[in-house]
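Being a predicted model, the structure only gives us computed values, none of them experimental.
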Amino acid sequence: VLGTDNPDTLITRHELARLMADQGNYAEAEAESRDILAISQGVLGADHPETLITQHELARVMADRGNYTGAEAEFRDVLEARRRVLGTDNPDTLITRHELARAMAGQGNYTGAEAEFRDVLEARTRKFGEENPDTLTTRHEIARMMAGQEDRAGAEAEFRAVLRARIRVLGAEHPDTLITRHEIARMMADGEDYAGAEAESREIRDVSLRVLGADHPITLIARHEFARVMAFLEDYAGAEAEFRDVLEARTGKL
């Protein structure tokens, strides 16, 4: 009806690519996003808000595939344009700053990433409140940065505070809530509380399987962590079987 280059057609393609990424089909999502971006830049222009949404999504998928250096460069381009077009405190600008910090962290720059996250947290708290889901996402990432810099006690305390808030705001079985529970279970294992980590990881895995499905990225993260704890408990056969299932599911998606 509208044609392949119509802005509404491109918006639908963008949403399709985003759903592909959310299900872990990163290779397909990246290819789709690159195609949409090329058309959007020609039809709408490089600084059009819809073009920048697609470019942001492309960078996010690049990061999901482990290309943190490329993703950081792409995010910086989007951030410069969004600041110019939308303003510093626009929600979309803050989303790009948040994802830029994640790409920095993926390269091991935890100090720089934490500083960026804290700036985003200040802006999101001021604009949206302390228990807004986006605010809680940034707090979760700050806790990850603290853990990456060996502040285990501070990180665990922050994760537990975020978990309590996410349960109140989102519910116990929301994917974001499960991700925070996963981080706590991982810290328990790293602190050699293997029995506690095994029980927590098993429950997270079971909820993820029921709510999200066996091949969802969050389920695969939970299953990987459960297998890791099984290995710590010297159940090597069970751990290997679980790791092989996760490997098979992940292969081809990245």
Side-chain angles (χ1 to χ4, degrees), residues 1-107 109 113 116-117 119-120 123-124 127-128 133-134 137-138 141 175-176 179 212-213 215-221 249-254:
V1 174
L2 301 176
T4 57
D5 291 355
N6 182 277
D8 288 346
T9 305
L10 295 176
I11 287 172
T12 301
R13 288 187 65 188
H14 165 82
E15 292 298 331
L16 175 61
R18 189 174 61 81
L19 288 170
M20 292 160 67
D22 288 345
Q23 295 174 81
N25 296 321
Y26 301 125
E28 295 177 55
E30 180 174 349
E32 183 73 359
S33 294
R34 287 190 183 280
D35 194 29
I36 300 164
L37 179 60
I39 297 171
S40 295
Q41 288 173 334
V43 174
L44 301 173
D47 283 354
H48 191 282
E50 292 298 336
T51 302
L52 295 176
I53 288 172
T54 298
Q55 189 176 3
H56 173 97
E57 187 64 25
L58 171 62
R60 189 172 74 91
V61 175
M62 292 167 68
D64 286 337
R65 299 188 75 188
N67 182 8
Y68 298 115
T69 303
E72 180 179 349
E74 203 76 31
F75 279 131
R76 289 192 184 279
D77 285 348
V78 176
L79 180 58
E80 181 182 353
R82 281 184 159 170
R83 278 175 167 159
R84 186 172 62 251
V85 174
L86 303 174
T88 302
D89 280 355
N90 181 275
D92 287 349
T93 305
L94 295 176
I95 287 171
T96 298
R97 290 190 69 186
H98 176 94
E99 293 297 332
L100 170 62
R102 286 186 65 238
M104 293 164 65
Q107 297 171 79
N109 183 7
E116 187 73 11
F117 278 130
D119 282 350
V120 174
R124 282 181 161 173
K127 288 181 70 69
F128 309 124
D134 288 342
T137 295
T138 301
E141 292 299 327
D176 289 350
I179 282 288
L212 302 173
D215 286 349
H216 191 280
I218 291 176
T219 304
L220 295 176
I221 289 171
R250 281 178 163 170
T251 301
K253 291 193 171 188
L254 299 175

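Minimum interatomic distance between M20 and A29 (heavy atoms only, all atoms of both residues): CE-N, 3.7 Å. Residues A71 and A59 approach most closely at CB-O, 3.4 Å, considering heavy atoms. Residues A123 and D89 share a closest heavy-atom pair of CB-OD1, 4.2 Å. Scanning all heavy atoms of the two residues, the minimum distance from T51 to G45 falls at OG1-O, 2.9 Å. Listed here is the closest heavy atom pair of R60 and F75: N-CZ, 3.5 Å.
Inter-residue side-chain proximity for R250 and I221 is flagged as met; some heavy-atom pair is nearer than 4.5 Å. With contacts defined as side-chain heavy-atom distances shorter than 4.5 Å, the pair M62/Y26 does not qualify. You'll find the side chain of Y68 stays beyond 4.5 Å of the side chain of R102, heavy atoms only. Side-chain contact between I11 and I53 is absent, with no heavy atoms from C-beta onward closer than 4.5 Å. Contact annotation: the side chain of E50 never approaches that of T54 to less than 4.5 Å [non-hydrogen atoms, C-beta and beyond]. Residues L10 and I39 form a side-chain contact, since some pair of their non-hydrogen atoms from C-beta on lies under 4.5 Å apart. At least one side-chain heavy atom of R97 sits under 4.5 Å from a side-chain heavy atom of R83.
With rounding to the nearest 0.5 angstrom, the CZ atom of R124 is 12.5 Å from the CG atom of D119. With rounding to the nearest 0.5 angstrom, the CD atom of Q41 is 9.0 Å from the CG atom of L52. Atom CG of L212 is separated from atom CD of Q23 by 11.0 Å, given to the nearest 0.5 angstrom. With rounding to the nearest 0.5 angstrom, the NE2 atom of H56 is 8.5 Å from the NE2 atom of H14. The CD1 atom of I218 lies 6.5 Å from the CG atom of D176; values are rounded to the nearest 0.5 Å. To the nearest 0.5 Å, atoms OG1 (T93) and CG (L86) are separated by 5.0 Å.
Q107 places a side-chain N or O within 3.5 Å of a backbone atom of A103 that can act as its donor or acceptor partner. A donor-acceptor distance shorter than 3.5 angstrom exists from the side chain of N67 to the backbone of G70, with no hydrogens or angles considered. A donor-acceptor pair under 3.5 Å is formed between the side chain of R82 and the backbone N or O of D92.
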Handout entry: Stepwise salt bridge (charged side-chain N to carboxylate O under 4.0 Å, His left out) test for E80 and R76
Key = CA-CA 6 Å; E80 181 182 353; R76 289 192 184 279; over 6 Å; no
